[in-house]
Amino acid sequence: MLKNEAKKGATAPQIKKILITQPRPESDKSPYFELGRKYGVTLDFHPFIRLEGIPAKDFRKQKIDISQYSAVIFTSRNAIDHFFRTCEEMKLSVSQDTKYFCITEAVALYLQKFILYRKRKVFYGADGTNKSMFDVINKHKENEKFLYPCSENQQDGDIVSWLKSHKCEFATPWMYRTMFNDVTSLLEGKHYDIICFFTPSGIKSLFEAIPQFKQNGMRIGAFGSNTTRAAEEHGLVLDIMAPQPKAPSMVAALEQFLSTVNKKK
């Protein structure tokens, strides 16, 4: 989504370098690389955070019996990885009748790595927003007990509030914790026209490394309502936001933005 570009017109400087605050894609066929070729931009990949799994012995202290829950809410692939890692460490077999509610189709399809994928038990929202996921959950929430695996002390407040307001029985087990990477040298040594963030923790990592960070004309992209909120709380002005109905992914949002600023190669 373009926030300011329409107002600024076509005189804005071309984008030459973009920083994606995630690991570099393993496949050369990633849409990010196609985007770079199409609009003549260089994309660097550097994760601002890293995740550390909470061992099963520490997870048990939360006194949450995974087997007692009939549905799981996933907002990221990382949550899926750590959910099934925890189950494996605890030698717990997840019921084949468990339902899975995912924030996007991409997250839902990632479940194929761990389960026999059946549409009757895997659900996802239409456009990658919390609201669209809530619409799906609302159709299937009767008699379900929900698990919402998340990072230690970090939850999506909108999801928790929705579950409470709709009187759902749920638990929010911590299965991993977020650690900040030191990105000081990365940002002090290079100039980027755009930085794209995907989690509130990525925003916090930036200001942990550079407390007095100023945009100075740099464009900021944010994926997800919580990331958007964190960026705005830190005084950042957003030009690119996803998901949106016409931009369900960060790649799509960047495509929209670059099409108004950079000419296709």
Side-chain angles (χ1 to χ4, degrees), residues 1 51 59 62-87 92-176 178 198-201 222-230 241-250 252-253:
M1 174 181 177
L51 300 181
F59 174 82
Q62 299 179 56
K63 301 186 185 308
I64 295 175
D65 184 354
I66 294 174
S67 66
Q68 295 302 305
Y69 293 83
S70 58
V72 189
I73 297 172
F74 288 125
T75 57
S76 71
R77 296 178 183 182
N78 290 322
I80 293 175
D81 282 334
H82 286 285
F83 174 78
F84 286 99
R85 172 194 58 79
T86 301
C87 291
L92 176 67
S93 178
V94 181
S95 170
Q96 293 185 2
D97 295 325
T98 299
K99 293 179 181 177
Y100 302 93
F101 296 91
C102 302
I103 190 68
T104 64
E105 182 180 12
V107 171
L109 290 173
Y110 189 69
L111 280 166
Q112 294 177 106
K113 183 177 177 181
F114 301 95
I115 66 169
L116 181 61
Y117 193 93
R118 295 193 186 97
K119 289 186 177 180
R120 65 177 177 81
K121 68 174 184 177
V122 180
F123 309 90
Y124 52 87
D127 59 14
T129 62
N130 278 351
K131 182 182 181 305
S132 65
M133 183 175 68
F134 295 155
D135 290 342
V136 175
I137 294 176
N138 198 43
K139 295 177 182 178
H140 303 275
K141 73 177 189 299
E142 295 303 320
N143 302 317
E144 301 290 352
K145 294 177 64 176
F146 294 91
L147 274 181
Y148 166 38
C150 51
S151 177
E152 186 176 31
N153 295 322
Q154 295 186 33
Q155 306 164 353
D156 186 318
D158 290 342
I159 293 176
V160 173
S161 295
W162 189 91
L163 291 168
K164 287 180 178 178
S165 65
H166 286 75
K167 296 179 172 52
C168 298
E169 189 171 352
F170 72 97
T172 55
W174 301 334
M175 294 185 168
Y176 54 100
T178 303
F198 299 83
T199 64
S201 297
F223 186 89
S225 58
N226 285 338
T227 308
T228 296
R229 188 179 303 118
M241 291 181 285
Q244 299 288 338
K246 294 184 178 180
S249 67
M250 182 58 76

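Since the model is a prediction, treat every value here as computed from it, not as a measurement.
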| task | Hey, could you give me the CH2/CE distance between Trp162 and Met133, rounded to the nearest 0.5 Å? | result | 8.5 Å
| query | Once you round to the nearest 0.5 Å, how far does SG of Cys168 lie from CD1 of Ile73? | reply | 7.5 Å
| remark: Rounding to 0.5 Å, atoms NZ (Lys121) and CG (Leu111) come to a distance of 9.0 Å
| request: Test side chain to side chain contact (heavy atoms under 4.5 Å, CB included) on Tyr124 and Val107 and set out the steps. | output: CA-CA 8 Å; Tyr124 52 87; Val107 171; over 6 Å; no
| Gap between atom OG of Ser249 and atom CD of Glu105 - 0.5 Å precision | 12.0 Å
| request: Give the intermediate values and the outcome of side chain to side chain contact (heavy atoms under 4.5 Å, CB included) for residues Thr172 and Leu163. | output: CA-CA 11 Å; Thr172 55; Leu163 291 168; 5.8 Å; no
| So which heavy atom on Tyr176 is nearest to which on Ser76, and how close? | OH-OG, 4.1 Å
| query | Run the side chain to side chain contact (heavy atoms under 4.5 Å, CB included) check on Val160 and Phe170 step by step: do they pass? | reply | CA-CA 9 Å; Val160 173; Phe170 72 97; 4.1 Å; yes
| task | Please report the shortest heavy-atom distance between Ala108 and Cys102, naming the atom on each side. | result | CA-SG, 3.6 Å
| query | Any idea which heavy atoms bring Ala242 and Ala253 closest together, and the distance? | reply | CB-CB, 4.0 Å
| task | Return the minimal non-hydrogen interatomic distance between Pro243 and Pro248, and the atom names on each side. | result | CB-O, 3.4 Å
| task | Sort and list the pairs that fulfil salt bridge (charged side-chain N to carboxylate O under 4.0 Å, His left out) and have at least one residue in residues 160-175, not counting sequence neighbours. | result | Lys145-Glu169
| request: Evaluate the side-chain proximity of Trp174 to Cys150: yes if any heavy-atom separation is below 4.5 Å, no if none is. | output: yes
| task | Measure the CG-CE distance between Leu51 and Met175 for me, rounded to the nearest 0.5 Å. | result | 14.0 Å
| task | Starting at CG of Asn226, measure out to CZ of Phe198 and round the result to the nearest 0.5 Å. | result | 15.0 Å
| message | Check this for me, if you would: do Asp135 and Lys131 make a salt bridge, where the nitrogen-to-carboxylate-oxygen distance has to be below 4.0 angstrom? | response | yes
| query | Sequence neighbours excluded, which residues qualify as side-chain contact (heavy atoms from CB on, under 4.5 Å) partners of Ile64? | reply | Phe59, Gln62, Tyr69, Leu147, Ala171, Pro173
| query | Taking side chain as C-beta onward, heavy atoms only, is Phe123 less than 4.5 Å from Ile137? | reply | no
| query | For atom CG of Asp65, is the number of surrounding heavy atoms from other residues, nucleotides or ligands below 6.0 Å larger than 12? | reply | yes
| message | Which label fits Phe114 and Tyr110: parallel for a plane angle under 30°, tilted from 30 to 60°, or perpendicular past 60°? | response | perpendicular
| Taking every non-hydrogen atom, the tightest pair across Ile159 and Phe134 | CA-CZ, 3.7 Å
| For Ala79 and Pro149, which heavy atoms make the closest approach, and how far apart are they? | CB-O, 4.1 Å
| task | Answer yes or no: does atom CD of Gln96 have more than 12 heavy-atom neighbours from other residues, nucleotides or ligands under 6.0 Å? | result | no
| query | Aromatic rings Phe101 and Phe146: how do their planes relate, parallel, tilted or perpendicular, breaks at 30° and 60°? | reply | tilted
| request: Quick one: list whatever passes side-chain hydrogen bond (donor to acceptor under 3.5 Å, both in side chains) with Ser70, sequence neighbours left out. | output: Glu144
| task | Evaluate side chain to side chain contact (heavy atoms under 4.5 Å, CB included) for Phe74 paired with Tyr100, printing each intermediate quantity in order. | result | CA-CA 7 Å; Phe74 288 125; Tyr100 302 93; 3.5 Å; yes
